[in-house]
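Here's the structure, in structure tokens; my notes come after.
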Amino acid sequence: GISILWFRRDLRLEDNAALYHALKSNYPVLPLFIFDKNILDKLPKTDARVTFIYDTISNIKQELQSAGSDLLIKYGKPEEVWPEVLKTYEVKEVYTNHDYEPYARERDDNMVEFLTSEKIAFKTFKDQVIFEKGEILKADKTPYTVFTPFYKQWQAKLNDFYTKPYPTKKYFKNLFQTKSLPLPTLMEMGFERSELEFPKLNYKNKLAHYAKERDYPALDSTTRIGLHLRFGTLSIRKAAQDAIDAKSTVWLSELAWREFYMMIIWHFPYAATDSFKKQYDKIKWRNDEKEFKAWCEGNTGYPLVDAGMRQLNETGWMHNRVRMVVASFLSKHLLIDWRWGEAYFAEKLLDYEMASNVGGWQWAAGSGNDAAPYFRVFNPELQMKRFDPKFEYIKKWVPEFGTKKYAQPMVEHTFARERVLKVFKEALS
Ligand code: FAD
């Protein structure tokens with residue numbers, strides 16, 4: 001018999017909790033990755049993240065081959081792939097890492113049922129966060145819904161134990177030895193190779209100046225590790241330890257924001273699609289399709305908004321300060337449902353993370369955790385003057401800025417502000 005290590009969003013061989021435990025089990029370990037049709041069928045054929053996953057998986061496959069083993073790769077729906085796998089191999093145990101999103105939970109609940117009926121153990125581990133689920137709770141054992149006290153406890157609890165890497169390589173001799181297994185091509189799965197450039201993992205030199213520079217979109221001062229945390233090509237334990245070593249508490253707190261939102265999605269899965277504060281779902285959004293299109297394309301006439309949207313469209317990434325501004329502009333100035341913006345980001349962002357994206361959008365719309373009160377409406381002109389005073393970021397992404405060709409503001413700020421206050425007040429009082 002064998003153990004299977006099922007990779008999902010933990011695509012690395014070093015410091016991987018489930019892989020470590022699998023390698024210490026009583027059976028040789030065969031790693032598996034499923035290109036999940038339930039997810040892939042909804043994506044555009046040029047989705048860059050699929051290329052990233054594909055290349056990562058190919059590298060892992062090679063590394064495993066040089067250890068005499070291999071990566072079993074399947075393309076299909078997990079519920080159909082698994083019975084096939086069990087026909088080919090005598091599987092005794094399945095090891096995998098926790099996954100907190102609603103789809104993943106449903107998939108894993110079904111797995112437990114299926115594997116139990118086959119008398120196979122399903123063993124799961126915490127890997128993608130430092131603290132998960134109910135590890136950080138209020139004194140009354142309920143989850144935090146506000147970041148600051150959550151972070152206080154998160155930081156107090158953090159010590160070397162939680163950042164220690166899992167020494168997987170030491171146990172590679174316990175990998176299942178096999179002749180080489182096939183690798184489907186991207187094309188066979190209906191995808192095209194994306195030419196987008198993926199951020200490299202060389203973030204350490206950013207940490208020293210992060211606190212001072214992170215809010216200025218013209219500076220390349222943030223680490224761009226979002227994609228790597230999303231797919232597990234970087235271990236969160238390593239990132240947290242690097243933050244501690246560099247004494248960058250501000251950056252450490254950003255990693256905690258990520259965990260805060262994952263904790264929220266775990267305890268309040270409804271907030272993946274509904275407003276966290278439910279009365280916000282009474283808001284009468286205008287949802288004007290033409291205005292939505294102008295926002296998507298970066299033609300609103302507000303330079304900071306347009307620069308951000310064009311950066312997103314061209315590179316698959318947008319600076320955090322600008323994400324806040326464009327999200328506020330869509331939900332408040334244009335009164336378009338935050339879910340439209342959330343879905344657009346989900347399609348475009350390389351670092352798309354459901355929990356953080358929904359969290360960020362609801363924060364901007366006012367419906368979420370720790371959100372600014374609804375009557376605080378970002379002024380995109382003031383934000384630009386404050387955070388891009390020399391228009392460096394703007395000029396990079398909006399070359400026609402300052403010329404006659406540049407669009408007029410699609411809505412006047414004071415008018416938009418009064419309109420949103422009225423509409424929100426009606427829904428919320
Ligand atoms: P850095 O500033 O270097 O931070 C390091 C890491 O910390 C990030 O990669 C991320 O994992 C985490 N982090 C930082 N800020 C936040 C935050 N506010 N919330 C949660 N995690 C954070 N982040 C995503 O990872 N995926 C998303 O889909 C996403 N959508 C967002 C949508 C909106 C409307 C807003 C306002 C923010 C969103 N964020 C999202 C948070 C933040 O903008 C990005 O994490 C950050 O800009 C990514 O760049 P970086 O990797 O250089 O981050």
**Report entry** Whether Phe260 and Trp257 hold their rings parallel, tilted or perpendicular, with breakpoints at 30° and 60°
**Finding:** perpendicular
Query raised in the report: Where does the angle between the aromatic ring planes of Trp6 and Phe122 fall among parallel (under 30°), tilted (30 to 60°) and perpendicular (over 60°)?
Result: tilted
Requested in this report: Decide salt bridge (Lys or Arg N to Asp or Glu O under 4.0 Å) for Arg8 and Asp108; before the verdict, give the C-alpha distance in whole Å, the side-chain angles of both, and the deciding distance to 0.1 Å.
Outcome: CA-CA 11 Å; Arg8 285 103 60 102; Asp108 289 356; 2.8 Å; yes
Query - Full working for salt bridge (Lys or Arg N to Asp or Glu O under 4.0 Å) between Arg193 and Glu195 - result: CA-CA 7 Å; Arg193 175 160 285 278; Glu195 298 305 327; over 6 Å; no
Report task. Among Val377, Val305, Thr300, find the residue that satisfies the side-chain contact (heavy atoms from CB on, under 4.5 Å) test when tested with His333. Result -> Val377
Report task. Any chance you could lay out the side chain to side chain donor-acceptor pair (under 3.5 Å) test for Ser275 and Asp281, step after step, and finish with the verdict? Result -> CA-CA 6 Å; Ser275 290; Asp281 280 337; 2.8 Å; yes
Query - Parallel, tilted or perpendicular: rings of Phe52 and Phe231 (30°, 60°) - result: tilted
Report summary line: Between Asn287 and Ile336 the two heavy atoms that sit nearest each other are OD1-CA, 3.5 Å
Query raised in the report: Looking only at atom types and distance, does a side-chain atom of Arg258 sit under 3.5 Å from a main-chain N or O of Ser356, one as donor and one as acceptor?
Result: no
Query raised in the report: Aromatic rings Phe125 and His21: how do their planes relate, parallel, tilted or perpendicular, breaks at 30° and 60°?
Result: parallel
Query - Ion pair check, Glu135 and Lys126, cut-off under 4.0 Å - result: yes
Query raised in the report: Run the side chain to side chain donor-acceptor pair (under 3.5 Å) check on Ser25 and Ser3 step by step: do they pass?
Result: CA-CA 8 Å; Ser25 73; Ser3 286; 3.1 Å; yes
Query raised in the report: Atom CG of Leu11 and atom CG of Leu71: how far apart are they, to the nearest 0.5 Å?
Result: 9.5 Å
Query raised in the report: Looking at Tyr393 and Pro217, what are the two nearest heavy atoms and their distance?
Result: CD1-O, 3.5 Å
Query - Charged N-O contact under 4.0 Å between Lys77 and Asp41 - result: no
Query raised in the report: Would you call the rings of Trp363 and Phe378 parallel, tilted or perpendicular, where under 30° means parallel and over 60° means perpendicular?
Result: tilted
Query raised in the report: Parallel, tilted or perpendicular for Phe276 and Phe268, by the 30°/60° rule?
Result: perpendicular
**Report entry** His98 and Tyr100 aromatic ring geometry - parallel, tilted or perpendicular at 30°/60° bounds
**Finding:** perpendicular
Query - Carboxylate-amine/guanidinium proximity below 4.0 Å for Lys169 and Glu63 - result: yes
Report summary line: Tightest non-hydrogen contact, residues Leu304 and Val322, listed as O-CG1, 3.5 Å
Query raised in the report: Going by an N to O cut-off under 4.0 Å, is there a salt bridge joining Asp215 and Arg321?
Result: yes
Requested in this report: Please assess Tyr280 against Gln362 for the test side chain to side chain donor-acceptor pair (under 3.5 Å), listing each intermediate value before the final yes or no.
Outcome: CA-CA 10 Å; Tyr280 276 71; Gln362 296 220 40; over 6 Å; no
Query - Lys212 atom NZ, over 12 foreign heavy atoms within 6.0 Å - result: no
Query raised in the report: With a distance cut-off below 6.0 Å to the six-membered ring centre and an angular limit of 45° from the axis, does Lys152 pair with Tyr144 as a cation-pi contact?
Result: no
Query raised in the report: Under 4.0 Å between a Lys/Arg side-chain N and an Asp/Glu carboxylate O for Glu400 and Arg310?
Result: yes
**Report entry** Basic-acidic side-chain contact under 4.0 Å: Glu80, Lys37
**Finding:** no
Query raised in the report: At their closest point, which heavy atom of Ala239 faces which heavy atom of Leu234, and how far apart are they?
Result: CB-CD2, 4.1 Å
Query - Identified side-chain hydrogen bond (donor to acceptor under 3.5 Å, both in side chains) partner of Arg107 from the options Asp36, Asp99, Asn38 - result: Asp99
Requested in this report: With the side chain counted from C-beta on, respond yes when Met111 and Trp82 share a heavy-atom pair under 4.5 Å apart, and no when they do not.
Outcome: yes
Report task. Answer yes when Asp15 and Arg237 have at least one side-chain N-carboxylate O distance shorter than 4.0 Å, and no when they do not. Result -> yes
Report task. Give the minimum heavy-atom separation between Ala22 and Val29, together with the two atoms involved. Result -> O-CG2, 3.2 Å
Query - OH (Tyr216) with more than 12 external heavy atoms under 6.0 Å - result: no
**Report entry** Working for salt bridge (Lys or Arg N to Asp or Glu O under 4.0 Å), residues Lys206 and Asp242
**Finding:** CA-CA 11 Å; Lys206 299 280 169 65; Asp242 287 340; over 6 Å; no
Requested in this report: Flag the pair Arg12 and Asp127 as a salt bridge only when some basic side-chain nitrogen lies within less than 4.0 angstrom of an acidic carboxylate oxygen.
Outcome: yes
Report task. Of all the heavy-atom pairs spanning Tyr210 and Ser248, show the shortest one and how long it is. Result -> CB-OG, 4.4 Å
Requested in this report: Using a strict cut-off of less than 4.0 Å between a Lys/Arg side-chain nitrogen and an Asp/Glu carboxylate oxygen, indicate whether Glu314 and Lys396 qualify as a salt bridge.
Outcome: no
